[in-house]
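We name chains A, B, ... by the order of the sequence lines, and we start the count at 1 in each one.
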Number of protein chains: 2
Amino acid sequence: MSIQPPRPRGPSLNALRAFEASARLGGFTAAAEELNVTPGAVAQQIKNLEDWLGEPLFQRTSQGVRLTALGEATAGRFSDAFDQLGEAVGHLRARASTAQISVAALPSLAQCWLMPRLPALRRALPDLVISVTALEKPPNLIREAFDVSLFFSEAAPGADEIRIAEDRIYPVCAPEVAASVSSVDDLTQVPCLRDGHWQADWQVWLRRAMPDRPIAVTGPQYSLYSMALDAARSGGGVLMGHDSLVAPLIERGELVRLFDLTVPTGRWLTLRTTRPVHPALKRFIDLLAS
Amino acid sequence: MSIQPPRPRGPSLNALRAFEASARLGGFTAAAEELNVTPGAVAQQIKNLEDWLGEPLFQRTSQGVRLTALGEATAGRFSDAFDQLGEAVGHLRARASTAQISVAALPSLAQCWLMPRLPALRRALPDLVISVTALEKPPNLIREAFDVSLFFSEAAPGADEIRIAEDRIYPVCAPEVAASVSSVDDLTQVPCLRDGHWQADWQVWLRRAMPDRPIAVTGPQYSLYSMALDAARSGGGVLMGHDSLVAPLIERGELVRLFDLTVPTGRWLTLRTTRPVHPALKRFIDLLAS
DNA sequence: AAATCGGCATAGAAAATCTATGGTGAAGTG
DNA sequence: CACTTCACCATAGATTTTCTATGCCGATTT
Ligand SMILES: [Mn+2]
Ligand SMILES: [Mn+2]
Ligand SMILES: [Zn+2]
Ligand SMILES: [Zn+2]
């Protein structure tokens, strides 16, 4: 007997989330990455929201978007609201007994630092289901379903962060290659392996090794550090080694250091966690950071 | 060149909203009404959320659902988060210049109180687009896209509420019917029109009119008050009139009062607004409440 | 005993959302 | 100067999500 009228429809929650992420990150492309969709999807969501509202939230320019006054005035409230929503989801996951741990890590850290430690971790924490995702950039832990992230960071550690090790670099190579390099100048005569994402490493080290006389080294480039590392192990050249990643190989004699100069990059291998940290997660990060 | 890994998926925002509404309202059916979907849709959303979580949030019984300990412990945070989200949407709408006003009202109030006032309102506020939705129960103004609601309420007025008039009732009928009713006892001899949602009106009035000797009246029942009112105007019987709704008709002589007894129902015609109240909305409610 | 009330499951329909594509203008590069 | 890159746009079609419809169940009420 009751009337079932067409209630006025509110904006879609996904559209609000797209708006919030775009406002916070300063563009549709960045928001799309965080939301794990294409930029076109974000653009459409925001267009829907603007149509619903009857007013633009972003001013489009050919090199990006800028918030309108309306968008500027309201975006912060949405960030607060979605922060709180993320927190609530965190509590939900924290209290659920199924102990899922999801780790986001830089590909090189995932492969060269975390993977070697995983077997022991899984043995020590057999009740946890640990999954690892390699990402180029640190995820937003409040918004995305990760529990822990593992990246290099320059910033001073915040409340939810633990500095695991300082990032220090030095050249390494296979033992049989070491014989052919006795001075820094010899580096120009051998392939100097590089990682695509850490292009600057060689320059950073060389600036300290040869402050007065700049020299240039060349060599093949790999998109993944682990590939460059494999190349170095098999005698393919000299790699700029990151201490956290190559130390075990030096220990085992698979690689040897060239020269004694160790240069800190100013970054730290930093472990970051979501709030709240539930008991299972606490055990995990305690083991990882020890 | 970058790795595009399958990021762990979070729960859908719609599922979280369904959970929050169900927890707050105590059932899937009530949540479904607020969300404007079928109960089955809510049940599925919540099942998805529970599957994602790996743990139930509600304990199902044959006469409803009850929150589990996990649901109980986390629901409040979601209410807070969605409240904040609703507030943010409110600010968005408030600042958008397109002056849309959406009113939710009890069907009887929509038809018999608001509609007669609308032409003057639209004349006074030509820049506003005013839409009216008839609802049986007051909507949740923080969650739904209404700006104003108009219902009868017993509770003391809150911060966002204005009492417009006390709900007072007395029997009314067409002038030609009035001749046949001279005492309260005569009411048993004429059709006493009733509104399906306000069944108790006659009893409330009769208990005051005849405190010592209970009498019963009978007559046709209408699902909408405006239909009962039409029946009364065309001489179909005696209607229990609500002062706010019948006063103009008495003024115009289309209906006449029987007896002098006016009984307050303890309820008030109450106007409620969302926060924030933007200028256009302020003008609207000022005119309505005056 | 019958009606009512919340639930459940499921299939098919509908709607929302996303991807893919080809296009624009502005800025940077050799 | 061409050439490339970048961020965004529009649109069509695909995909995924969400919803409705239906028949069912057990408890409560009448
Ligand atoms: Mn490197
Ligand atoms: Mn009534
Ligand atoms: Zn918290
Ligand atoms: Zn506010």
Please tabulate the protein-to-nucleotide N/O contacts below 3.5 Å involving nucleotides 1-6 of chain C, giving atom names and distances.
none

Grab the N/O contacts between the protein and nucleotides 11-16 of chain D below 3.5 Å, and write none if there aren't any.
none

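One atom, CD of A/Q45, and another, C1' of C/dC18, lie 9 Å apart when rounded to the nearest Å. Per the geometry, CG belonging to B/N36 stands 13 Å off C1' belonging to D/dT20, to the nearest Å. In this structure, B/L49 places its CG atom 15 Å from P of D/dT17, rounding to the nearest Å. In this entry the distance linking CG of B/L13 with C1' of D/dT17 reads 13 Å, nearest Å. A/L25 places its CG atom 15 Å from the C1' atom of D/dA7, with the value rounded to the nearest Å. Distance, A/Q59 CD to C/dG25 C1': 15 Å, rounded to whole Å. Rounded to whole Å, atom C1' of C/dC8 lies 14 Å from atom CG of B/D51. Rounded to whole Å, atom P of D/dT18 lies 10 Å from atom CZ of B/R17.
When heavy atoms are screened at a 4.0 angstrom cut-off, B/N48 is found touching no nucleic acid atom at all. Within the 4.0 angstrom heavy-atom criterion, base atoms lie near B/A41.
Residue order along DNA chain D, read from the 5' end via each residue's closest nucleotide, puts A/K47 first among A/N14 and A/K47.
Each of B/R272, B/H278, B/R93, B/Q100 was checked for a side-chain hydrogen bond (donor to acceptor under 3.5 Å, both in side chains) with B/D147, and the lone residue meeting it is B/R93. Partner of B/W202 under the side chain to side chain contact (heavy atoms under 4.5 Å, CB included) criterion, out of B/I169, B/V238, B/L193, B/T218: B/V238 alone.
At the phosphate of D/dA7, neither OP1 nor OP2 sits under 4.0 Å from any side-chain N or O atom of A/R60. Contact between the side-chain N/O atoms of B/S12 and the OP1/OP2 oxygens of D/dT17 is not found at any separation under 4.0 Å.
Out of C/dT17, D/dT18, D/dC19, the shortest distance to the side chain of B/T38 is found at D/dC19.
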Q) Between B/R77 and B/E72, is a salt bridge (charged side-chain N to carboxylate O under 4.0 Å, His left out) present by the stated rule, with each step listed? A) CA-CA 10 Å; B/R77 292 173 204 281; B/E72 191 77 64; over 6 Å; no
(Q) If you apply the rule ring pair (Phe, Tyr, Trp, His ring centres under 6.0 Å), what do you find for A/W198 with A/F152, and how did you get there? (A) CA-CA 11 Å; A/W198 278 322; A/F152 285 109; 5.5 Å; yes
Q) Taking it one step at a time, do B/E55 and A/R95 satisfy salt bridge (charged side-chain N to carboxylate O under 4.0 Å, His left out)? A) CA-CA 10 Å; B/E55 196 128 338; A/R95 296 205 179 227; over 6 Å; no
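Using a distance-only test at 3.5 Å, with no hydrogens or angles considered, a donor-acceptor pair links the side chain of B/R60 to the main chain of B/F58.
With respect to B/R143 and B/E87, no salt bridge is recorded, no charged nitrogen being found less than 4.0 Å from a carboxylate O.
Taking the ring centroids of A/Y225 and A/H242, they lie under the 6.0 Å cut-off.
For the salt bridge (charged side-chain N to carboxylate O under 4.0 Å, His left out) test, residues two or more places apart in sequence or in another chain that qualify with B/R267 are B/D167.
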